[in-house]
> 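Provided herewith is a single structure, encoded as structure tokens, for subsequent inquiry.
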Amino acid sequence: MTDVTTHQAEEDARNDTILIYIDGRIVPKREATVSVYDSGFMLGDGVWEGLRLYDGKWAFLDDHMDRLFEAAKAIDLDIGLDRAGVIKALEDTRAANGMTTDAHARLMVTRGVKVRPFQHPSLSQSGPTMVIIMEHSKPRIPRPITLATVPHQRGLPMTQDPKLNSHSKLNCILACIAAVKAGADEALMLDVHGFVNTTNACNFFIVKRGEVWTSTGDYCMNGITRAKVIDLCRANGIPVHERNYSLVDTYSADEAFLTGTFGAQTPVSHIDGRQIGTGDLGPVTARLRELYKELVSRS
């Protein structure tokens, strides 16, 4: 079985010559560097957003800006720009790269360069570092994703709140490594009570008898695509439940899919070696894909 990830895209030679935004400058990829003293490199101290460009528009831009500024406030990080300034930086980078559609942006803000290589936030004295990496990116996942359940959990808010889109991703990376070692593409993570929660990279849904189930949301990333799918279900007569459910419920599902900004809705074929439904894109997932495309086009 070929290796597949939820962020797999078509190869695009134009990405070799992209321009990257760093603290107000837009520079060639080969010149895009940050200090080894940067808080993000040294300690994972920062927050980020992933955004998709469709037909000249950033999908759900206001939602992404809300989440970015909420996360920055939560970790007491001054981004250094207001909302309009961040959007202008995003648009300037898009224009510099001549991108109009099928592009993905990773917008990152860290606490900035430290004066000494230690943890305390007061050592970051030069202001934040802001980077925007923008690539030509058309998702191309050759088959549905396979998952393996791992012991790593998305934890409680008093440890590292899973609502934060932070640079500190080691827990999720370890979960992904465990899944790959088990022969799967990515990891299915449980919550602190043992209920099905999320994957290492995306939010997770199942379909049972025409009903869409997802976790309560208490221990997963507050995904924008996740919220849009739930809203689409409610607006289009598709029963949807945010609830606790177990692996027993999951293994007997008719369909399973992942949600995320990059892949939108990605089907899952196997979990812990068990085939889910037909092992391919199911009818409810396919319908939600179409409804989501329509929502993006009019947003």
Side-chain angles (χ1 to χ4, degrees), residues 5-7 9 15 17-53 58-97 99 103-114 117 119 121 123-137 160-173 176 200-202 221-225 260-263:
T5 77
T6 53
H7 295 95
N15 289 331
T17 55
I18 56 170
L19 301 173
I20 295 174
Y21 177 101
I22 302 181
D23 292 337
R25 299 178 300 119
I26 298 178
V27 300
K29 183 177 182 178
R30 64 182 180 277
E31 298 174 20
T33 59
V34 297
S35 170
V36 295
Y37 277 78
D38 189 83
S39 301
F41 172 77
M42 192 173 288
L43 294 160
D45 183 3
V47 292
W48 62 277
E49 284 293 320
L51 301 99
R52 291 291 298 175
L53 184 71
W58 296 103
F60 315 119
L61 179 60
D62 286 341
D63 298 274
H64 283 284
M65 290 298 104
D66 286 346
R67 191 169 66 177
L68 176 68
F69 278 88
E70 287 169 4
K73 185 172 184 179
I75 68 169
D76 199 28
L77 169 60
D78 181 359
I79 291 178
L81 295 172
D82 61 12
R83 190 184 184 100
V86 173
I87 293 172
K88 183 178 185 302
L90 189 68
E91 277 295 285
D92 287 349
T93 310
R94 182 196 63 76
N97 283 288
M99 294 175 176
H104 192 82
R106 191 176 183 97
L107 191 160
M108 300 168 280
V109 187
T110 78
R111 207 174 300 275
V113 178
K114 289 184 168 293
Q119 181 187 100
L123 296 172
S124 301
Q125 297 176 5
S126 61
T129 299
M130 181 169 159
V131 174
I132 303 173
I133 300 173
M134 201 171 289
E135 294 185 329
H136 300 278
S137 177
Q160 183 176 329
D161 195 327
K163 303 293 183 200
L164 282 172
N165 218 6
S166 78
H167 281 220
S168 305
K169 289 291 184 183
L170 185 57
N171 184 45
C172 295
I173 293 167
C176 187
N200 58 277
C202 298
M221 180 66 197
N222 54 338
I224 291 168
T225 311
T261 298
F262 180 85

> Taking all non-hydrogen atoms of both residues, which atom of Asp23 and which atom of Pro128 are closest, and how far apart?
OD1-O, 3.7 Å
> What I want to find out is whether Asp63 reaches Arg67 closely enough, with some N-O distance under 4.0 Å, to be called a salt bridge.
no
> Over all heavy atoms of both residues, which pair between Ala105 and Ile132 is shortest? Give the atoms and the distance, please.
CB-CG2, 4.4 Å
> Whether the side chain of Asn200 engages the backbone of Ile173 through a donor-acceptor N/O pair (distance < 3.5 Å, no angle test) should be reported.
no
> Of all the heavy-atom pairs spanning Leu19 and Ala96, show the shortest one and how long it is.
CD1-O, 3.6 Å
> Give, for atom CG of Leu51 and atom CG of Leu53, the distance between the pair rounded to the nearest 0.5 Å.
9.5 Å
> Are any of the side-chain heavy atoms of Leu61 and Arg83 separated by less than 4.5 Å?
no
> Ignoring hydrogens, what is the shortest heavy-atom contact between Ser124 and Gly112? Give both atom names and the distance.
OG-O, 3.9 Å
> Please check if the side chain of Arg25 supplies one atom and the backbone of Ala32 the other of a donor-acceptor pair under 3.5 Å.
no
> Is there a side-chain contact between Pro162 and Met221 in this structure, where contact means two heavy atoms from C-beta onward sitting under 4.5 Å apart?
no
> Should we count NZ of Lys29 as having more than 12 external heavy atoms under 6.0 Å?
yes
> Minimum heavy-atom separation for Met134 to Asn97, with atom names?
CB-ND2, 4.5 Å
> Does some side-chain heavy atom of Ser39 sit less than 4.5 Å from a side-chain heavy atom of Val113?
no
> Around Asp76, counting heavy atoms of other residues, nucleotides and ligands shown, do more than 12 lie under 6.0 Å from its CG?
no
> For the CD1 atom of Ile18 and the CD atom of Glu135, what is their distance to the nearest 0.5 Å?
5.0 Å
> Assess whether side chain to side chain donor-acceptor pair (under 3.5 Å) is satisfied between Gln160 and Ser168, documenting all intermediate values.
CA-CA 9 Å; Gln160 183 176 329; Ser168 305; 4.6 Å; no
> Can you name the residues that form a side chain to side chain donor-acceptor pair (under 3.5 Å) with Gln119, not counting sequence neighbours?
none
> Quick one: pull up CG in Asn165 and CG in Leu68 and give me the separation to the nearest 0.5 Å.
9.0 Å
> So, Arg94 side chain and Met99 main chain: donor-acceptor pair closer than 3.5 Å or not?
yes
> Which class fits the ring pair Phe262 and His104: parallel under 30°, tilted 30 to 60°, perpendicular over 60°?
perpendicular
> Distance check, rounded to the nearest 0.5 Å: Thr110 atom OG1 versus Leu43 atom CG?
10.5 Å
> Do Ser137 and Arg52 have side chains that get closer than 4.5 Å, going by heavy atoms?
yes
> For Val109, is there any backbone N or O sitting under 3.5 Å from a side-chain donor or acceptor partner on Trp48?
no
> Identify whether the distance between the nearest side-chain nitrogen and carboxylate oxygen of Asp82 and Lys88 falls below 4.0 Å.
no
> Any side-chain heavy atom of Asp92 sitting closer than 4.5 Å to one from Tyr21?
no
> Can you give me the closest heavy-atom contact between Thr129 and Val34, atom names plus distance?
CG2-CG1, 4.0 Å
> Would you give the length of the straight line joining atom CE of Met65 to atom CD of Glu49, rounded to the nearest 0.5 angstrom?
6.5 Å
> Short question: side chain of Arg111, backbone of Ile75 - any donor-acceptor pair under 3.5 Å?
yes
> So does Gly40 get a backbone contact from the side chain of Asp45, meaning a donor-acceptor N/O pair under 3.5 Å?
no
> Could you tell me the separation between the OG1 atom of Thr33 and the CG atom of Asp38, rounded to the nearest 0.5 Å?
10.5 Å
> If you draw a 6.0 Å radius around CZ in Phe41, do more than 12 non-hydrogen atoms from other residues or ligands fall strictly inside?
no
